[in-house]
Structure formats: C-alpha cells, structure tokens
Amino acid sequence: QVQLVESGGGLVQAGGSLRLSCAASGSIFSINSMGWYRQAPGKQRELVATITSDGNTNYADSVKGRFTISRDNAKNTVYLQTNSLKPEDTAVYYCNAAIRTTNILSTYPYWGQGTQVTVSS
C-alpha cells in the first residue's frame with residue numbers, strides 16, 4: 001500500500017508564490033516519474049509538470065518560466081514551486097507518482113488527495 005500526502009496549498013494574491021509538497025510512503029520498491037496535475041472547476045484535469053527518476057523535467061506551456069518541479073529521492077518527495085501566480089492557476093493540484101511496490105512487479109500510478117490553490121486578483 002502506498003500513500004501520497006500533499007501539502008502547501010492555500011490562498012494567495014496574484015503574483016505570489018506557493019511551494020507544494022508531496023511525500024510518498026509505504027512499501028515502495030522504486031519510484032519512476034512524478035508529477036503534478038491540476039483541475040479547475042468545470043475543466044478537465046491537465047498536466048502541469050513531470051520529473052523523471054533521473055531529473056528530466058517537462059512543463060505545460062502555461063506554467064513555463066513560473067513553476068519549477070523538483071524531487072528529493074531520499075525523501076520520496078516531489079515539489080512544485082509556483083511563482084508569479086495568476087488567477088487562472090486556481091485549481092486543485094494533484095500529485096502523481098509511478099511507483100513499483102515491493103509486492104508488485106509492475107509500476108502503478110498513485111494519486112494524492114489534492115490540495116487547493118486559490119489565486120485572487
């Protein structure tokens with residue numbers, strides 16, 4: 001069993017910053033890619049950023065230059081530093097990780113519960 005616990009969401013003014021964290025715990029054998037997704041009211045969930053096990057990153061065009069994804073493998077944690085936040089960034093942000101557990105050979109995508117980010121104008 002694997003659990004992802006997110007933190008760092010909140011209410012900020014436009015132009016502000018938040019640092020989101022997501023820590024994985026449980027019977028983890030290895031973690032491949034990790035990422036952040038978001039879903040705004042009335043919209044589909046969209047990819048925000050991903051990071052591979054060797055540190056390669058990918059960002060949605062809408063957040064390039066403003067958001068930074070990173071990971072601490074020793075802590076099984078992925079971060080999302082969000083700067084220059086805009087009202088359109090308002091959404092529930094979900095952590096995702098492709099994890100191989102000790103009792104299952106293949107990797108499986110796990111999701112966090114989501115953390116609310118609200119940006120006021």
Side-chain angles (χ1 to χ4, degrees):
Q1 186 65 245
V2 173
Q3 185 178 45
L4 302 182
V5 179
E6 298 165 298
S7 62
L11 174 64
V12 298
Q13 190 176 5
S17 300
L18 287 172
R19 191 192 190 208
L20 309 183
S21 300
C22 175
S25 62
S27 301
I28 299 172
F29 180 80
S30 63
I31 301 178
N32 194 346
S33 62
M34 305 183 81
W36 291 92
Y37 294 72
R38 67 185 182 186
Q39 187 168 23
K43 296 184 179 180
Q44 293 183 295
R45 186 174 298 186
E46 65 176 355
L47 174 70
V48 176
T50 60
I51 183 167
T52 64
S53 59
D54 56 352
N56 290 326
T57 59
N58 182 53
Y59 297 92
D61 289 339
S62 59
V63 305
K64 283 184 178 178
R66 300 188 297 119
F67 292 8
T68 302
I69 189 171
S70 61
R71 63 191 289 170
D72 186 336
N73 292 331
K75 297 180 179 179
N76 293 145
T77 300
V78 63
Y79 306 93
L80 185 69
Q81 178 67 46
T82 67
N83 298 327
S84 302
L85 284 164
K86 305 174 182 180
E88 51 263 43
D89 293 319
T90 296
V92 177
Y93 284 70
Y94 296 92
C95 173
N96 172 265
I99 299 174
R100 179 182 176 182
T101 59
T102 56
N103 62 328
I104 299 178
L105 187 148
S106 61
T107 59
Y108 182 85
Y110 290 86
W111 292 89
Q113 79 287 349
T115 184
Q116 178 71 47
V117 172
T118 302
V119 184
S120 62
S121 60

Check: Hey, mind stepping through L18 and V117 against side-chain contact (heavy atoms from CB on, under 4.5 Å) and telling me if it holds?
Finding: CA-CA 8 Å; L18 287 172; V117 172; 3.8 Å; yes

Checklist line | Worked check of side-chain contact (heavy atoms from CB on, under 4.5 Å) between T90 and Q116 | finding: CA-CA 8 Å; T90 296; Q116 178 71 47; 4.0 Å; yes

Next item on the list: Please report the C-alpha distance between N103 and F29 in whole Å, then the side-chain angles of each, then the deciding distance to 0.1 Å, and finally whether the side-chain contact (heavy atoms from CB on, under 4.5 Å) criterion is met.
Entry: CA-CA 8 Å; N103 62 328; F29 180 80; over 6 Å; no

Next item on the list: Begin from the C-alpha positions of K64 and D61 and carry the test salt bridge (Lys or Arg N to Asp or Glu O under 4.0 Å) through to its verdict.
Entry: CA-CA 5 Å; K64 283 184 178 178; D61 289 339; 3.3 Å; yes

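For the residue pair I51 and S70, the shortest heavy atom distance occurs at CD1-CA, 3.9 Å. Between A23 and T77, the shortest heavy-atom contact is CB-OG1, 3.6 Å. In plain terms, the two heavy atoms of Y94 and G112 that are nearest each other are CD2-O, 3.7 Å. The two residues L4 and A24 make their nearest non-hydrogen contact at CD2-CB, 3.2 Å. Across every non-hydrogen atom of S84 and R66, the tightest pair is O-NH1, 3.0 Å.
The closest donor-acceptor contact from the side chain of R71 to the backbone of S33 lies at 3.5 Å or more, if one exists at all. With hydrogens and angles disregarded, no donor-acceptor distance shorter than 3.5 Å links the side chain of T115 to the backbone of S7. A donor-acceptor pair is defined here as one N or O able to donate and one able to accept, closer than 3.5 Å; such a pair exists between the side chain of R100 and the backbone of L105. Between the side chain of E6 and the backbone N or O of G114, at least one donor-acceptor pair lies under 3.5 Å.
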Please list, one pair per line, the donor and acceptor atoms closer than 3.5 Å that link side chains of residues 42-49 to other protein atoms, with sequence neighbours excluded.
{"unit_1": "E46", "atom_1": "OE2", "unit_2": "R38", "atom_2": "NE", "d": "2.7"}
{"unit_1": "E46", "atom_1": "OE2", "unit_2": "R38", "atom_2": "NH2", "d": "3.2"}

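Below 30°, between 30° and 60°, or above 60°: for Y93 and F67 the angle between ring planes is between 30° and 60°, a tilted geometry.
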